Asks: 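My questions will all concern the structure given below.
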Amino acid sequence: EILRVFTQMIRQLANLAHTTSPDQANFHHYSCILEQLATVKVGVVLVELTKTLDSDHSLRGHGGTKNSSDEEEGVSSEEALETLADLIRTILTCVNIDHPTQIHNHAVAAVSACIDEFDSTLPIPILDELLTCVAGGPTVYVTNPAAVEAAAKAAAAAAKRKKSKK
């Protein structure tokens, strides 16, 4: 049940990518989700769920008993980790340069809270999401190469005129 709540929250949060201004419809709703992730650290619930289910799994493997709530919900550590990775991916991809600084700050705080909660060892899926984002680097969209060439020529001509005036 809890993973379904997180999945729905992630879907709603992804809409932040399409609303970059407070003037746009539903921007406030989507930014509130991110704010809650940052201030209340809701994502840490997924981290704790992942760690708890991992420890329960290792206890069961060494003669421990199975927790009846895990059996009823059917939640596994892998599912919780996958949901957490999806949350981090969504935050990293939906926030862009067009968003207000406050949104950027909330995104950093939300992702940092999850990473910090893992102490010293990050699971591979979380590390993959972070490195994928870093490896992607800044994105430049060139819609009309002729316009870019014309702008470059105009800038070069302006620089040449400026030098010749000196």
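Here the structure is a predicted model, which means the values were calculated and not measured.
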Asks: Rounded to the nearest 0.5 Å, what separates atom NE2 in His28 from atom CG in Asp23?
Replies: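 With rounding to 0.5 Å, NE2 (His28) is 13.5 Å from CG (Asp23).
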
Asks: Is there a side-chain contact between Leu37 and His106, using heavy atoms and a 4.5 Å cut-off?
Replies: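 The answer is no, as the side chains (C-beta and beyond) never meet within the 4.5 Å cut-off.
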
Asks: Pair up each side-chain donor or acceptor in residues 107-125 with any protein partner under 3.5 Å, not counting sequence neighbours, and list the distances.
Replies:
from, atom 1, to, atom 2, distance (Å)
Ser112, OG, Val108, O, 2.7

Asks: Taking the side chain as C-beta and beyond, is there a heavy-atom pair between Phe6 and Leu84 under 4.5 Å?
Replies: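 Side-chain contact under 4.5 Å: no.
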
Asks: What is the distance from atom CD1 of Ile126 to atom OG1 of Thr50, rounded to the nearest 0.5 Å?
Replies: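 So the CD1 of Ile126 and the OG1 of Thr50 are separated by 7.5 Å.
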
Asks: Shared ILVMFWY cluster between Val45 and Val75, side chains joined below 4.5 angstrom?
Replies: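 In one cluster with Val45: Val75, yes.
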
Asks: Are any side-chain N or O atoms of His104 and backbone N or O atoms of His99, one a donor and one an acceptor, separated by less than 3.5 Å?
Replies: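 Yes, His104 side chain to His99 backbone: donor-acceptor pair under 3.5 Å.
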
Asks: Listed by chain and number, what are the side chain to side chain contact (heavy atoms under 4.5 Å, CB included) partners of Gln8, not counting sequence neighbours?
Replies: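 With sequence neighbours excluded, Gln8 shows a side chain to side chain contact (heavy atoms under 4.5 Å, CB included) to Arg11, Gln12, given in chain and number order.
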
Asks: In chain order, what residues pass the side-chain hydrogen bond (donor to acceptor under 3.5 Å, both in side chains) check against Glu129, with sequence neighbours excluded?
Replies: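 With sequence neighbours excluded, Glu129 shows a side-chain hydrogen bond (donor to acceptor under 3.5 Å, both in side chains) to Arg89, given in chain and number order.
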
Asks: How many angstroms lie between atom CG of Leu3 and atom CG of Asp86, to the nearest 0.5 angstrom?
Replies: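 The CG atom of Leu3 sits 11.0 Å away from the CG atom of Asp86.
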
Asks: Would you indicate whether Ile97, at its atom CD1, is surrounded by more than 12 heavy atoms from other residues, nucleotides or ligands within a distance under 6.0 Å?
Replies: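 Atom CD1 in Ile97 is not crowded, with 12 or fewer foreign heavy atoms closer than 6.0 Å.
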
Asks: Around atom CD of Glu35, are there more than 12 heavy atoms of other residues, nucleotides or ligands at under 6.0 Å?
Replies: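 Yes, because the 6.0 Å sphere around CD of Glu35 holds more than 12 heavy atoms from other groups.
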
Asks: Could you tell me which non-hydrogen atom of Thr83 sits nearest to which non-hydrogen atom of Ile10, and how far apart they are?
Replies: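 It is O-CD1, 3.6 Å.
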
Asks: Distance check, rounded to the nearest 0.5 Å: Lys41 atom NZ versus Leu46 atom CG?
Replies: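 Separation between the atoms: 15.5 Å.
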
Asks: Using the test salt bridge (Lys or Arg N to Asp or Glu O under 4.0 Å), find all partners of Asp98 that sit at least two apart in sequence or belong to another chain.
Replies: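 By the salt bridge (Lys or Arg N to Asp or Glu O under 4.0 Å) rule, Asp98 matches no residue at all.
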
Asks: Can you list the residues that meet the side chain to side chain contact (heavy atoms under 4.5 Å, CB included) rule with Gln24, with sequence neighbours excluded?
Replies: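 With sequence neighbours excluded, Gln24 shows a side chain to side chain contact (heavy atoms under 4.5 Å, CB included) to Thr19, Thr20, Ser21, given in chain and number order.
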
Asks: Name the one of Leu130, Val134, Leu87 that satisfies side chain to side chain contact (heavy atoms under 4.5 Å, CB included) with Leu92?
Replies: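 It is Leu130, the one option of Leu130, Val134, Leu87 that forms the side chain to side chain contact (heavy atoms under 4.5 Å, CB included) with Leu92.
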
Asks: List for me each residue that meets side chain to side chain contact (heavy atoms under 4.5 Å, CB included) alongside Val5, sequence neighbours excluded, and say none if there are none.
Replies: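 Partners of Val5 under the side chain to side chain contact (heavy atoms under 4.5 Å, CB included) test: none.
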
Asks: Sequence neighbours excluded, which residues qualify as side chain to side chain contact (heavy atoms under 4.5 Å, CB included) partners of Asn26?
Replies: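 His29, Tyr30.
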
Asks: Report yes if some heavy atom in the side chain of Ser31 is under 4.5 Å from a heavy atom in the side chain of Ile103; otherwise report no.
Replies: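 Heavy-atom side-chain distance check passes, below 4.5 Å.
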
Asks: Please say whether more than 12 non-hydrogen atoms of neighbouring residues, nucleotides or ligands are located less than 6.0 Å from CD in Glu48.
Replies: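 Counting other residues, nucleotides and ligands, CD of Glu48 exceeds 12 neighbours.
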
Asks: Side-chain contact test, heavy atoms from C-beta onward, threshold under 4.5 Å: evaluate it for Leu81 versus Leu49 and give yes or no.
Replies: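 The answer is no; the side chains never approach within 4.5 Å.
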
